[in-house]
Every structure is written in structure tokens, then in C-alpha cells.
Peer 1: 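My questions all concern the structure below.
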Amino acid sequence: MHFESLNIIEPILRSLKEEGYTIPTPIQSEAIPVVLEGSDLIGCAQTGTGKTAAFAVPILQHLYNNKTFEKKRKIRSLVVTPTRELAIQIEESFKSYGRYTGLTYTVVFGGVNQNPQTNALRSGVDILIATPGRLLDLMNQGYISLKDVEIFVLDEADRMLDMGFIHDVRKIISSLPQKRQSLFFSATMPPEIVRLAGSIVNKPVKVEVTPSASTVDIINQYVYFIDKGNKNAMLIELLKDKMIKTALVFTRTKFGADKVVKVLQKKNISAEAIHGNKAQNARQRALANFKAQKTRVLVATDIAARGIDVDDLEYVINYEIPNITETYVHRIGRTGRAGANGTAISFCDGEEMAYLNDIERLINKKIQVVEGHPYPLTEFPVVNMPKQPRINSFGRRRTLFPDRRNVRR
Ligand code: AMP
């Protein structure tokens with residue numbers, strides 16, 4: 001199936017072509033017709049599935065086909081998303097897909113001076129992308145009115161819950177017109193999220209691309225059992241492999257992220273950190289450098305685990321195993337996006353075994369253990385180690401790094 005068969009109008013088709021999109025991803029081919037018809041939608045989709053275009057394309061088409069001719073544009077579509085990075089990325093997607101539509105967009109998020117945002121709002125926009133806190137703030141200051149919103153999108157709803165935004169989200173919803181179209185997206189659907197969805201959508205069509213929290217199948221996943229104190233050395237060892245052009249490394253804490261960056265920089269490996277203690281500008285800069293491959297390693301806390309879209313990112317390294325199981329799926333979903341190759345490596349120390357077991361239960365899959373590496377686990381009785389399919393990292397290629405060529409399946 002091609003985009004043409006989804007009845008997408010020419011100005012949008014043209015920009016999709018320029019983006020290099022020819023075939024809609026499953027969430028796009030399922031969601032776009034539903035949204036174009038005007039139905040509410042609950043979309044349950046894992047990361048990297050093309051979810052943004054699944055809502056952005058039909059929104060652009062609806063607004064374009066139903067143009068208003070008022071002097072000052074009113075906010076006719078609102079997208080609320082949990083993190084600043086996601087908000088910026090969604091606006092970029094609207095800009096790309098909508099570049100021949102003449103529609104206008106802006107993005108608002110916290111942590112930066114509000115003046116440029118209020119200036120943009122003053123001139124009027126058709127589509128607003130926002131994080132919940134700044135949106136409410138600007139609504140309270142009278143810069144934003146939601147009374148003309150025709151299509152509302154709540155993105156990454158489960159993440160909103162994790163980040164404690166549910167209260168804010170409810171307030172935002174109460175300011176929306178009763179008559180509207182609502183699109184609700186979440187990677188997972190725990191009961192609280194199902195309840196929240198119920199309060200937002202009306203007779204929704206449910207689109208579920210893959211079972212919630214299933215790991216992207218094409219991602220190769222490996223685990224190294226290792227003592228906590230050797231993780232830096234192992235990371236440096238892995239990064240000797242020139243095949244790793246860039247890697248996104250996840251740590252559990254901000255402090256941990258900064259520490260890993262220092263260790264790598266000492267070894268002349270270019271690395272930057274991205275986490276909540278960094279100023280917004282510094283975070284954007286770090287991300288831009290990484291995307292441009294000026295920085296080889298980006299060390300992130302889970303703030304970056306969702307939605308960060310780095311083209312051709314092949315390697316994700318979990319320096320620490322996440323203690324929230326779903327986070328694993330979101331972290332590794334940064335790689336293998338839109339059908340590309342992906343490899344996820346996790347360092348697991350003795351204390352993290354329980355987290356690993358939970359993750360394997362969630363993804364319903366055993367992660368391959370890499371053996372024969374220089375820093376085997378000593379601080380945990382081996383008899384208690386979970387039974388895993390094992391591979392030897394010193395295969396034909398004599399590399400520490402397992403890839404498809406030296407993994408026996
Ligand atoms: P998303 O899940 O929306 O963050 O999209 C993940 C990645 O897939 C992004 O890099 C998009 O640019 C890309 N993408 C989305 N839809 C398509 C498509 N139909 N064909 C090729 N790439 C796509």
C-alpha cells in the first residue's frame with residue numbers, strides 16, 4: 001500500500017515523498033483513515049512506529065481542507081506531549097509534513113524564557129504543540145485559549161502518568177470544547193490509562209499495532225553480566241569497536257550520566273550528557289551534536305528514553321538496567337526505528353538480576369548473554385544466575401562486540 005491510496009491530498013503527499021516516505025507504516029495505514037473520517041482514536045503503538053505522522057498527516061489534511069479565513073489564526077489543533085524534546089520533534093514533523101499547506105505551528109515548553117513563545121502565539125497559530133506545565137501556565141496568563149480546538153492529541157499518555165502530569169492533563173482537558181475530535185496515544189495501556197482514555201475519547205476506534213510493550217523484534221538484544229565497578233571499563237572496551245559510530249547510553253541517574261561522560265572524555269571518546277539538570281539549550285545542543293554524529297556517545301537518563309528520534313542510531317547501551325520494566329522497551333526503541341538495524345546491549349550487575357528477569361517476563365523473551373568478555377560477574381553467585389541462551393563474544397571476528405556474524409542462534 002502507498003500513501004496515495006489513503007486519500008492524502010497532494011500538498012502533503014509531496015512533502016511525504018520528499019521525506020522519503022513511500023509506504024505507510026502499520027499505525028499510519030490504520031490510523032490515518034480513521035482520523036480523516038473524524039472518529040476518535042486510541043492508538044496503542046510502540047516507539048519508532050511512525051506514530052507522529054499517523055496523527056500529524058490527517059490533522060494537517062483536516063485543517064487544510066477546512067480552512068478558515070479569519071485574520072488571526074486560532075489554535076485549531078492541540079498536541080500535548082510529556083517532554084520538551086518530544087514537543088520540539090513533533091513540531092519539526094508538522095513543519096516537514098505540512099510545508100506546502102500554509103498552516104502555521106508553534107511549540108511551547110518549560111525551562112526556557114516564555115517571550116519567544118508568547119510572541120509566536122500572539123501572531124496566531126493553527127497548531128500548538130505543548131508540554132502540560134507551560135501550556136497551563138500560558139493559559140493562566142491569558143496567552144492561550146483552547147476554545148477553538150477541533151482536534152486534540154494526547155501523546156505518550158502512559159508517560160504522562162509516570163511523570164506525574166495526570167492532574168495537569170485533566171485540567172487541560174476541562175478547558176477543551178466538548179465538541180472535538182480526540183486522539184489518544186500510549187505505548188502501554190495499564191488500567192489507569194484505560195480510565196483516563198475513557199474520560200477523553202468518545203466512541204473511539206482502537207488501533208493497536210503490536211501488543212503493548214512488545215520489544216521491537218528486529219532489535220538484537222544482548223546482556224553482559226558484569227560487576228558494577230567494571231561497567232566503565234567494559235563500555236570503553238566496547239567502544240573500541242569502530243563499527244559503533246554512535247551509541248546512546250542510558251544511566252539511571254543524572255549524576256551517573258555526568259560521571260560516564262567524564263570517564264569517556266578522559267579516553268578521548270567524544271561524549272555528552274542529556275538529562276533534566278541540564279538547561280534546555282544545552283540539552284538541545286547535545287542532541288543536535290549527536291544527531292549530526294559530532295558526538296559519538298550521548299549519555300542519557302530516561303528523560304531521553306522516549307520519542308528521541310535519531311536517524312540511523314544502531315546502538316543503545318543500558319549502562320544500568322532500568323528498574324521500571326517498560327522503560328527498557330522505550331529505551332531500546334530508540335534504535336531499529338522504521339525498520340532500520342538495531343542493537344541493544346545491557347550491563348547487568350548482581351543487584352540488577354531481578355530487574356532483568358522482570359524485563360524478560362514483560363517482553364516474553366530471553367535476552368542473549370554474552371560470555372567470554374574480560375569483566376565477568378564475580379559479585380553474585382553464578383548458580384543463581386538466570387538460565388539464558390549464551391553466546392561467546394570472541395567469535396570469528398575476534399571482537400568483544402557480538403554482531404550478527406558471530407552470534408550462534
Ligand atoms: P515516530 O514513531 O513518529 O517517531 O517515527 C519514527 C521514525 O520513522 C522517524 O524517523 C520518522 O521520520 C520515520 N518514519 C515515519 N513514517 C515513515 C514512513 N512511512 N516511511 C519511512 N519512514 C517513516
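Everything numeric in this text was worked out from a predicted model, so none of it was measured. Throughout, numbering of the chain's residues begins at 1 and tracks the sequence.
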Peer 1: For a side chain to side chain contact (heavy atoms under 4.5 Å, CB included) with V297, tell me which candidate from T246, V261, V249, L248 qualifies.
Peer 2: V249
Peer 1: Side chains of F152 and I200, heavy atoms from C-beta outward: is any pair under 4.5 Å?
Peer 2: yes
Peer 1: Dump the intermediate steps for salt bridge (charged side-chain N to carboxylate O under 4.0 Å, His left out) on E91 and K95, then the final yes or no.
Peer 2: CA-CA 6 Å; E91 196 217 9; K95 263 191 199 145; 3.7 Å; yes
Peer 1: Got a sec, which pairs hit salt bridge (charged side-chain N to carboxylate O under 4.0 Å, His left out) with one end in residues 181-192, sequence neighbours left out?
Peer 2: none
Peer 1: Would you check if the side chain of T327 reaches a backbone N or O of N323 as a donor-acceptor pair within less than 3.5 Å?
Peer 2: no
Peer 1: As a quick check of understanding, evaluate side-chain contact (heavy atoms from CB on, under 4.5 Å) for I127 and L60, giving each step before the final call.
Peer 2: CA-CA 9 Å; I127 300 163; L60 288 163; 3.9 Å; yes
Peer 1: Of H62, Q181, K74, which meets side chain to side chain contact (heavy atoms under 4.5 Å, CB included) against E150?
Peer 2: H62
Peer 1: Check this for me: does any side-chain nitrogen of one of E320 and K231 sit under 4.0 Å from a carboxylate oxygen of the other?
Peer 2: no
Peer 1: Quick check: closest heavy atoms across I27 and A45, and the distance to 0.1 Å?
Peer 2: CD1-CB, 3.6 Å
Peer 1: Taking all non-hydrogen atoms of both residues into account, name the closest pair between F3 and P24 and its distance.
Peer 2: CZ-CA, 3.5 Å
Peer 1: Where do Q28 and G50 come nearest, in terms of heavy atoms and distance?
Peer 2: NE2-O, 2.9 Å
Peer 1: Would you check if T253 and T301 make a side-chain contact, meaning some heavy-atom pair closer than 4.5 Å?
Peer 2: no
Peer 1: Evaluate the side chain to side chain donor-acceptor pair (under 3.5 Å) criterion for residues Y100 and E18: first the C-alpha distance (whole Å), next the side-chain angles of each, then the deciding distance (0.1 Å), finally the verdict.
Peer 2: CA-CA 11 Å; Y100 301 116; E18 286 176 10; 2.7 Å; yes
Peer 1: With T325, which of L362, L356, N357, T188 fulfils side chain to side chain contact (heavy atoms under 4.5 Å, CB included)?
Peer 2: L362
Peer 1: If only atom types and distance count, is the side chain of Y105 paired as donor or acceptor with the main-chain N or O of G98 below 3.5 Å?
Peer 2: yes
Peer 1: Distance from R84 atom CZ to I88 atom CD1, nearest 0.5 Å?
Peer 2: 9.0 Å
Peer 1: For residues V153 and I129, determine if any side-chain heavy atom of one lies less than 4.5 Å from a side-chain heavy atom of the other.
Peer 2: no
Peer 1: Just checking, K51 and F55: is the charged tip under 6.0 Å from the six-membered ring centre and within 45° of the axis?
Peer 2: no
Peer 1: Hey, does L235 have a side-chain heavy atom less than 4.5 Å from the side chain of F347?
Peer 2: yes
Peer 1: Working note: D258 + H275, criterion side-chain contact (heavy atoms from CB on, under 4.5 Å); need CA distance, chi angles, decisive distance, verdict.
Peer 2: CA-CA 9 Å; D258 286 336; H275 56 63; 3.1 Å; yes
Peer 1: Fit a plane to each ring of H373 and Y224, take the angle between them on a 0 to 90° scale, and name the class: parallel (under 30°), tilted (30 to 60°) or perpendicular (over 60°).
Peer 2: tilted
Peer 1: Does K267, at its NZ atom, have more than 12 non-hydrogen atoms belonging to other residues, nucleotides or ligands within less than 6.0 Å?
Peer 2: no
Peer 1: About how many Å separate CD1 of I193 and CD of E156, when rounded to the nearest 0.5 Å?
Peer 2: 11.0 Å
Peer 1: For Y97 together with Y21, are the ring centres under 6.0 Å from each other?
Peer 2: yes
Peer 1: Does any part of the side chain of I274, heavy atoms only, come nearer than 4.5 Å to the side chain of V299, both counted from C-beta?
Peer 2: no
Peer 1: Quick one: pull up CG in D358 and CD1 in I324 and give me the separation to the nearest 0.5 Å.
Peer 2: 11.5 Å
Peer 1: When you measure from the side chain of R334 to the backbone N and O of H330, does any donor-acceptor pair fall under 3.5 Å?
Peer 2: yes
Peer 1: What do the steps show when you test D126 against R73 for salt bridge (charged side-chain N to carboxylate O under 4.0 Å, His left out), and what is the final call?
Peer 2: CA-CA 6 Å; D126 298 298; R73 312 249 179 157; 2.6 Å; yes
Peer 1: Checking E272 against R283 for the salt bridge (charged side-chain N to carboxylate O under 4.0 Å, His left out) test, could you report, in this order, the C-alpha distance in whole Å, the side-chain angles of both residues, the deciding distance, and whether it holds?
Peer 2: CA-CA 9 Å; E272 281 188 88; R283 279 157 61 170; over 6 Å; no
Peer 1: So which heavy atom on T104 is nearest to which on G124, and how close?
Peer 2: OG1-O, 3.8 Å
Peer 1: List the atom pairs, with distances to 0.1 Å, where a side-chain N or O of residues 35-42 and a protein N or O form a donor-acceptor pair under 3.5 Å, not counting sequence neighbours.
Peer 2:
{"residue": "D40", "atom": "OD1", "partner": "S182", "partner atom": "N", "Å": "2.8"}
{"residue": "D40", "atom": "OD2", "partner": "N202", "partner atom": "N", "Å": "2.6"}

Peer 1: Quick one: does S186's side chain have a donor or acceptor within less than 3.5 Å of a partner on M189's backbone?
Peer 2: no
Peer 1: Do E352 and D349 touch side chain to side chain, with heavy atoms closer than 4.5 Å?
Peer 2: yes
Peer 1: In terms of side-chain geometry, is the basic nitrogen of K17 or E4 positioned less than 4.0 Å from the acidic oxygen of its partner?
Peer 2: yes
Peer 1: Strictly distance-based, threshold 3.5 Å: is any side-chain N or O of R134 a donor or acceptor partner for the main-chain N or O of V112?
Peer 2: yes
Peer 1: For E314 versus T335, what's the shortest heavy-atom pair and its separation?
Peer 2: O-OG1, 3.0 Å
Peer 1: Taking the side chain as C-beta and beyond, is there a heavy-atom pair between I345 and V316 under 4.5 Å?
Peer 2: no
Peer 1: So does I321 get a backbone contact from the side chain of S346, meaning a donor-acceptor N/O pair under 3.5 Å?
Peer 2: no
Peer 1: Please determine whether side-chain contact (heavy atoms from CB on, under 4.5 Å) holds for the pair Q221 and I363, giving the CA-CA distance in whole Å, both sets of side-chain angles, and the decisive distance to 0.1 Å.
Peer 2: CA-CA 11 Å; Q221 299 167 60; I363 63 175; 3.6 Å; yes
Peer 1: Nearest 0.5 angstrom please: I226 CD1 to L377 CG, how far?
Peer 2: 8.5 Å
Peer 1: Nearest 0.5 Å, what's the CG-OG1 distance between D155 and T52?
Peer 2: 6.5 Å
Peer 1: Any side-chain to backbone donor/acceptor pair from S175 onto L146? Under 3.5 Å, distance only.
Peer 2: no
Peer 1: Do NZ/NE/NH1/NH2 and the carboxylate oxygens of K228 and E351 come within less than 4.0 Å?
Peer 2: yes
Peer 1: Would a 4.5 Å heavy-atom cut-off, applied to side chains only, mark P132 and I172 as touching?
Peer 2: yes
Peer 1: Which heavy atom of A187 sits nearest to which heavy atom of D158, and what is that distance?
Peer 2: N-OD2, 3.5 Å
Peer 1: Are E30 and K206 ion-paired here, with the side-chain N under 4.0 Å from a carboxylate O?
Peer 2: no
Peer 1: Do side-chain atoms of D137 reach the backbone of G133 as a donor and acceptor pair under 3.5 angstrom?
Peer 2: no
Peer 1: Test side-chain contact (heavy atoms from CB on, under 4.5 Å) on L161 and L196; report intermediate values, then the result.
Peer 2: CA-CA 10 Å; L161 186 73; L196 178 72; over 6 Å; no
Peer 1: When rounded to the nearest 0.5 angstrom, what distance separates CD1 in I244 from OH in Y315?
Peer 2: 5.5 Å
Peer 1: Could you tell me whether a side-chain N or O of Q117 sits under 3.5 Å from a main-chain N or O of L138, the two making a donor and an acceptor?
Peer 2: no
Peer 1: Using a 3.5 Å distance criterion without hydrogens, assess whether the side chain of D241 forms a donor-acceptor pair with backbone atoms of M243.
Peer 2: yes
Peer 1: For the rings on F250 and Y319, is their centre-to-centre separation under 6.0 Å?
Peer 2: no
